[in-house]
Amino acid sequence: MIVALGASFFAAWTIGAGSSGSTPFAPAVGANAITTLQAAFVVGLLGFAGAVLQGAAVTETVGEGLIEGVTLSPLASAIALAIAATYIAAGVFKGYPIATAFAITGSVVGVGLAMGGGPAWDTYTEIGIYWLVTPIAVAPPAYLVTKLLRGDAVSERAVVTVLAAAVGLVVANMEFLVLGPPGEQWSLAAVAASRLPGSVTLGIGATSLAVAAGFAAPVARAAARDPTRTQRRFLLGLGALVAFSAGGGKVGLAVGPLLPLAEGAFPVAAVIPVLVFGAAGILLGSWMAAPRMIKALAQDYSELGPRRSIAVLVPSFVFAQIGIFFGIPMSFNQIFIGAMAGVGYAVGGDTVSERKLAVTALAWIGSVIFGLVVGYGLYAAVSTLTGTV
């Protein structure tokens, strides 16, 4: 159990240092809207909050939904998390963003199969579709937004206002652990609709539109007065939302294997102490090591200005929230880099490092295979030698 806790905390640390600690504010740093150290500090706090408030769904999938017929033991959890965290850390210090979802999912499945569990094919299908579609689907909206913001066909004020409204719609429907009844997560729109007379569906729709208008109106007024300042403020607001989403979407990868173990110690609401534990690891990783990866993403993949940065963050935020809603262990770097590639091609292919994109993609594919094979083999070897399950 002690080794499992240590491996889990280290995995959370590497997530904070890598994906959730680097991706949200990298565009803002590239656009000179915030310094690297300021970004690392703020993203750590927001990642902590997101992990606690939105991390339950992915945590439950990783901890209990990837293998059928068995429950992960302390030994299995320790091996899976140690393998994945070591692999991710190597990527962090080499400057390549490793897909944590691939590495940890592969290692959890590997040790689960070695324990005698069966494959959860329905879950694998859902996860595989999301992983396959995301980098393809996130690039076109980033491309389109870049073209609109840089072109003359539509005013920049109108584009930013519509984007703010779209962000507001998503925020209204983000689900939080503290809003729902015990064991459930509710959105702001759902809570408001439950207190309004009439149809719940109409209430959710009306609340969502009201929140969207609340986001769009001040942005439109500010853009009319000072477009440049509004760009930077909108960019920082998006970075904050993405940082929050990164914590919610990634913490389950580090602490999911601990959930079956925690249910014995915390039979009621076991997920809450598990989430706080992982959130603390993400916070420290963001503060201690994220600046290196922020630089890698902000400068190496594409030279980003405020407009292109906005085009990266809006679809990244939307796709991250889709993954959180369905409880899918997501690769946040995959989302983010797909959006950056779309933006890069919108302004000219020479702004994108295709070689680094290709190397990163190969590292992602290799990470799931590495985790699966090594997890299976190492668990089988250690359990045989020690007689421990």
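Values in this document were obtained by computation on a predicted structure and should not be read as measured data.
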Is the shortest side-chain heavy-atom distance between Met174 and Leu188 below 4.5 Å? no
Begin with the C-alpha distance, continue with both residues' side-chain angles, and end with the deciding distance and a verdict on ring pair (Phe, Tyr, Trp, His ring centres under 6.0 Å) for Tyr345 and Tyr143. CA-CA 7 Å; Tyr345 283 114; Tyr143 181 96; 8.4 Å; no
Flag the pair Pro135 / Ile337 as yes when at least one side-chain heavy-atom distance between them is below 4.5 Å, and no otherwise. no
Taking the side chain as everything from C-beta on, heavy atoms only, tell me whether Phe370 gets closer than 4.5 Å to Ser107. no
Using side-chain heavy atoms (C-beta onward) and a distance below 4.5 Å, is Gln231 in contact with Glu156? yes
Check whether the ring centres of Phe41 and Trp287 lie less than 6.0 Å apart, and answer yes or no. yes
Within this structure, what is the CZ-CZ distance for the pair Phe244 and Phe48, rounded to the nearest 0.5 Å? 11.5 Å
Side-chain heavy atoms of Ser286 within contact of Ile282, under 4.5 Å: yes
Heavy-atom side-chain contact between Tyr130 and Phe326 under 4.5 Å: no
To the nearest 0.5 Å, tell me how far Thr59 OG1 sits from Glu64 CD. 10.0 Å
In the structure I gave you, are the side-chain heavy atoms of Tyr379 and Leu75 within less than 4.5 Å of one another anywhere? yes
Quick one: sort the Trp13 and Phe10 rings into parallel, tilted or perpendicular, breaks at 30° and 60°. parallel
Report yes or no: do Trp121 and Met115 belong to one cluster of Ile/Leu/Val/Met/Phe/Trp/Tyr joined by side chain heavy-atom distances under 4.5 Å? yes
Between Ala254 and Ile104 the two heavy atoms that sit nearest each other are N-CD1, 4.2 Å
Examine Ile322 and Met330 and state if one hydrophobic cluster contains both, with Ile, Leu, Val, Met, Phe, Trp and Tyr joined whenever side-chain heavy atoms are less than 4.5 Å apart. yes
Which atom of Lys147 lies closest to which atom of Ala346, heavy atoms considered: NZ-O, 3.0 Å
Would you name the heavy atoms of Ala120 and Ile67 that are closest together and state the gap between them? CB-N, 4.3 Å
On a heavy-atom basis, the closest approach of Pro257 and Val108 is CG-CG2, 3.8 Å
Should Gln334 and Trp131 count as side-chain neighbours, where that means a heavy-atom distance under 4.5 Å? yes
Among Val162, Val159, Val160, Leu163, exactly one meets side chain to side chain contact (heavy atoms under 4.5 Å, CB included) together with Leu148. Which residue is that? Val159
